[in-house]
Amino acid sequence: MLIAGLTGLEYRGYDSAGIATIFEDAFQVRKASGRLCNLEEELHKHPVSGHVGIGHTRWATHGKPSVVNCHPHCDHSGRVAVVHNGIIENYLELKEMLMRQGIVFRTETDTEVVAQLLGYYDQGDMLATLQKVLPMLQGSFALGILSLREPEKIFAVRLGCPLIVGSADGASYLGSDVSALLEYTRDMFILEDLEIAVLQEKGIAFYHPDGTPLEKKSLHISWSASAAQKDGFDHFMLKEIYEQPQVLLSTLKHYVEEETFTFRWDTLPFTKEQALNLERITIVACGTAYHAGMMGKAMIERLARIKVEADIASEYRYSETMSGEGETLIAVSQSGETADTIAALRKAKERGHRVIALTNVIGSSVARESDAVMYTLAGPEIAVASTKAYSTQVLLFAVLAVALAQLRGQITAQESADYLRELFSIPGKVDAILDCRPQVEAFARQQISCKDIFFIGRQMDYYTSLEAALKLKEISYLHSEAYAAGELKHGTIALIDDSTLVVAIATQEKIIEKTMSNVQEVVARGATILLVTSHPELDGAGIAERWLVPQGRDLFLPMLTMVYMQLFAYYMALQKGCDIDKPRNLAKSVTVE
C-alpha cells in the first residue's frame, strides 16, 4: 500500500524513495536512490512487515540525492521516524544546538533536524512533544511521524505544505495529494496550518496546535481513480493533451449556459457593483500559470477596459509595488499549493485587496484563503509539464474577460453571447488540431539534430511563445527561448544562423504583417522556419513548414495554437528518449521558494 501510494505521487518529481514500518517494536526502513522501481527491487530482496508505516519520495533541497539523505529519517535513538515535505529554514541553528547536546547527525538534510528534535524531547507523548517542537521550526513542512513509544499511531502536521488524511474500512491514510488516497477513500480531511492529526486504525483525531481537540468536516473528492491511469496512451502528457477538448467543454459549461450563451452569474466572482468599482487587477502566478495570467491580462484589458498587471509571484511577494483601493488580485495555481503564489496572496490580503483564486484543486490552500474561487475542471493532471490545466486557465480568463466587459457595459448582452458562442467552438477546433498529430510528429523527427530553437511572436503570440519554449525545455531539455518578434533586431538576431530552428507564431490580425517582416529577417540569416498561423494565405520563400490554426477571433486563437506547441514538445522529447512525464529536477507542485 505504501508503494502504491508513492506511485500515485510519482508525477510530482523525485530523486529517491524510502519507507519505514513498525514491526516487533522496531523500525524496518528501506531506501533507494533513483526511481521507485529501485525501492521495489530493494523490498523484493529485503521485505518488510507491519501494518503501520510511512513512505516518501524526495526531491533534493539540502544534501545530494543519495540513499543516506533519503527519507524516512530517524533520531539518534532510533525511536522516531519522520518523512517531510518542505524546507526547515533554521535547521543549521537547531542542528548546532542539538550537536552541543551530544546528538550525532548522519545526513546533510534539514529533515533530520526534525527527527532529532522530536526524539530529543519525546517522553512518550508525541502530541505533547509536537506542541514543544513545532514553535521551534521556521519554514514550511508537511510531516508524517512514527514513534515506537506509540506504535499504533501516525502523527501528521503541516505548515505551508499540503497534507491530506482520510479513513475507511478500518484503516487511516495520510498523503500530500488526493491522488495517493483515491484508491482507498473519497472523503478526506485537509489539514490547515499547524493542525495535528493522529491516525489510528479506528479513525483520526484532530487537535489544535495547543493540543485541544478539534472537530473537522471531510471533503468529498469527485475525481475518478481512473483519471490517474494512462488509458492506452504511452504517456500521461499525451493523454492529457488529448483530454483538452473534454475538459475545456466541462469547464465552460460550469460557468455558461450552452443553450442560451448566457453566464451562470452565481459561479462568477464579480457582481455588477464590484466590476464597476474595479480600477486595477493584478494577476500573480508562477511558470505555466504565469503565462496563462499574461493571456488573461491581454483579454481583460482588451474587452473589459481595466488596467491589469501580470506579475511573477516570487517577484511580487518581495516587491514594493504601489497599490490602492479598487484593486483585486487573481492568484493562479494548478495545484493551489504553490508557495510563492500563496505568499503573494497573503501579501495582497494584508493590503486589504480582494483576492480571487483560479485553481484546479478543490480545497487547496489558494482556494481556501481567497475571497472567491474559479475552478478549472481539468481533473487530476499527472504529467509534470502542464497542458490541460494551462488551457483551462486561459479559458477561464476568457470567460472572466467577457463577463467583466458585459458587467461594465463595454459590450452588450448580444455581443457577450457572440463571444461565448465562439468559446463553445474551441473544443471542436482543438480536436481538429489533434488530428494533425502525424504532421507534427513527422516535422519533429526532421529536427532530431536541432540544438537551438527560438519562438517568436507579438502580443498574445509572444505569450504563447513563452509557454511553448517552457514546454520544450521542461521535457526535452533542449535549449529554447521565446522573444517578442520586434525585439529580434535588438540583439537576439546575432544568435540566428543556418543551424537554428525559429518557430514563428502569427495569429494576431493587427500586427501580423509586422510579425511576417520579422520572419523574413530570420529567413535572411538562414534559419529553418516553422510558421504557425491562422492565415492560410501566409506563405513565402524560406518557410520550411506551416501549421494552420482554425480561424476565429484572434483573442481566443492562442488556446488553439498552444495545442500544436504541446504536441511539438512531446514529440521532440519522445525521439530523444526523455522521461516525459517526470522530467529531471522538476516537481509538479512547488511548495517551497
_Residue that, paired with H56, satisfies ring-ring contact (aromatic ring centres under 6.0 Å, His included) out of H73, H84, H71_ = H71
*Is the NZ or CZ atom of R354 both under 6.0 Å from the centre of the six-membered ring of F270 and within 45° of that ring's axis?*
yes
_In the structure I gave you, are the side-chain heavy atoms of Q334 and E381 within less than 4.5 Å of one another anywhere?_
yes
*asked:* Tell me whether E337 contacts the main-chain N or O of S365 through its side chain, where contact means a donor paired with an acceptor under 3.5 Å.
replied: yes
*Could you tell me whether R553 atom CZ has more than 12 heavy atoms of other residues or ligands within 6.0 Å of it?*
yes
*In Å, rounded to the nearest 0.5 Å, how long is the span from CZ of F189 to CZ of F206?*
4.5 Å
*With distance as the sole test, does Q406 use its side chain to make a donor-acceptor pair with the main-chain N or O of A403 at under 3.5 Å?*
no
*asked:* If the condition is side chain to side chain contact (heavy atoms under 4.5 Å, CB included), which residues does I190 pass it with, not counting sequence neighbours?
replied: I164, L219, R368
*For the pair S391 (side chain) and K388 (backbone), establish whether a donor and an acceptor sit closer than 3.5 Å, ignoring hydrogens and angles.*
yes
_Nearest 0.5 angstrom please: Q274 CD to T328 OG1, how far?_
7.5 Å
*For Q244 and T387, test the side chains for any donor-to-acceptor distance below 3.5 angstrom and give the result as yes or no.*
no
*Taking all heavy atoms of L191 and all of A156, pick out the closest pair and write down the distance.*
CD1-O, 4.1 Å
*asked:* Contact between L303 and V402 at the side-chain level, heavy atoms closer than 4.5 Å - yes or no?
replied: yes
*State, without any angle test, whether T288 and K471 hold a side-chain donor-acceptor pair at a distance under 3.5 Å.*
yes
*Might you work through the side chain to side chain contact (heavy atoms under 4.5 Å, CB included) test for F233 and I241, ending with a clear yes or no?*
CA-CA 11 Å; F233 287 90; I241 290 172; over 6 Å; no
*Side chains of Q246 and S250: is there a donor and an acceptor less than 3.5 Å apart?*
yes
*Which heavy-atom pair separates A180 from G5 by the least distance, and what is that distance?*
CB-O, 3.6 Å
_Looking at Y463, is its backbone amide N or carbonyl O close enough to the side chain of E467 to form a donor-acceptor pair, meaning the two atoms are under 3.5 Å apart?_
no
*Any donor-acceptor pair under 3.5 Å linking the side chain of S370 with the backbone of V366?*
yes
*side chain to side chain contact (heavy atoms under 4.5 Å, CB included) evaluation trace for F397 with V332*: CA-CA 10 Å; F397 274 121; V332 190; 3.7 Å; yes
_With M460, the side-chain contact (heavy atoms from CB on, under 4.5 Å) member among M294, K297, M299_ = M299
*Using modelled atom types only, decide if a donor and an acceptor are shared between the side chain of E474 and the backbone of A385 within a distance under 3.5 Å.*
no
*Dump the intermediate steps for salt bridge (charged side-chain N to carboxylate O under 4.0 Å, His left out) on E257 and R264, then the final yes or no.*
CA-CA 7 Å; E257 293 282 359; R264 301 177 187 270; 3.0 Å; yes
*Charged N-O contact under 4.0 Å between R158 and E195*: no
*Taking all non-hydrogen atoms of both residues, which atom of K429 and which atom of L560 are closest, and how far apart?*
CB-CD2, 3.6 Å
*Check S319 against R351 and note the closest heavy-atom contact, atom names and distance.*
O-NH2, 4.1 Å
_side chain to side chain contact (heavy atoms under 4.5 Å, CB included) partners for E201, two or more places apart_ = none
*Between atom CE of M188 and atom CG of L163, what is the distance when rounded to the nearest 0.5 Å?*
12.5 Å
*Would you find a donor on one side and an acceptor on the other, under 3.5 Å apart, between the side chain of N90 and the backbone of L137?*
no
_Side-chain heavy-atom pair V355, E369 within 4.5 angstrom cut-off_ = no
*Checking side chain to side chain contact (heavy atoms under 4.5 Å, CB included) for the pair E192/K216: CA distance, chi angles, key distance, verdict?*
CA-CA 10 Å; E192 300 288 350; K216 284 186 72 67; 4.1 Å; yes
*Do V82 and L143 come within less than 4.5 Å of each other through their side chains, counting heavy atoms only?*
yes
_Heavy-atom closest contact (A348 atom, L329 atom, distance)_ = CB-CD1, 3.7 Å
_K202 atom NZ, neighbour heavy-atom count above 12 within 6.0 Å_ = no
*Could you tell me whether the side chain of P245 reaches within less than 4.5 Å of the side chain of L434, counting heavy atoms only?*
yes
_Could you check whether any side-chain N or O of T359 sits under 3.5 Å from a backbone N or O of S333, counting only pairs where one atom can act as donor and the other as acceptor?_
yes
*Do the charged groups of E243 and K239 touch, with an N to O distance under 4.0 Å?*
yes
*Do we see a donor-acceptor contact under 3.5 Å between the side chains of E309 and T282?*
no
*What distance separates Y255 OH from L420 CG, expressed to the nearest 0.5 Å?*
14.0 Å
*Report the residues that fulfil salt bridge (charged side-chain N to carboxylate O under 4.0 Å, His left out) with K347, sequence neighbours left out, ordered by chain and then residue number.*
none
*Is the backbone N or O of D340 less than 3.5 Å from a side-chain atom of T338, with the two atoms forming a donor-acceptor pair by type?*
no
*Is a side-chain donor-acceptor pair under 3.5 Å present for T260 with T262?*
yes
*Look only at the side chain of N360 and the backbone of A378, and say whether a donor-acceptor pair between them is shorter than 3.5 Å.*
yes
*Heavy atoms, side chains only, cut-off 4.5 Å: are D110 and F141 in contact?*
no
*Please round to the nearest 0.5 Å and tell me the distance separating atom CG of D210 and atom CG of L127.*
9.5 Å
_CG on L134 to CG on D193, rounded to 0.5 Å_ = 11.0 Å
*Just do the side chain to side chain contact (heavy atoms under 4.5 Å, CB included) check on I426 and L395 with the steps written out, would you?*
CA-CA 9 Å; I426 295 292; L395 175 69; 5.6 Å; no
*Check C161 against G86 and note the closest heavy-atom contact, atom names and distance.*
SG-CA, 3.8 Å
*Side chain to side chain, E183 and M1, heavy atoms closer than 4.5 Å*: no
*Report yes if some heavy atom in the side chain of Y290 is under 4.5 Å from a heavy atom in the side chain of L466; otherwise report no.*
no
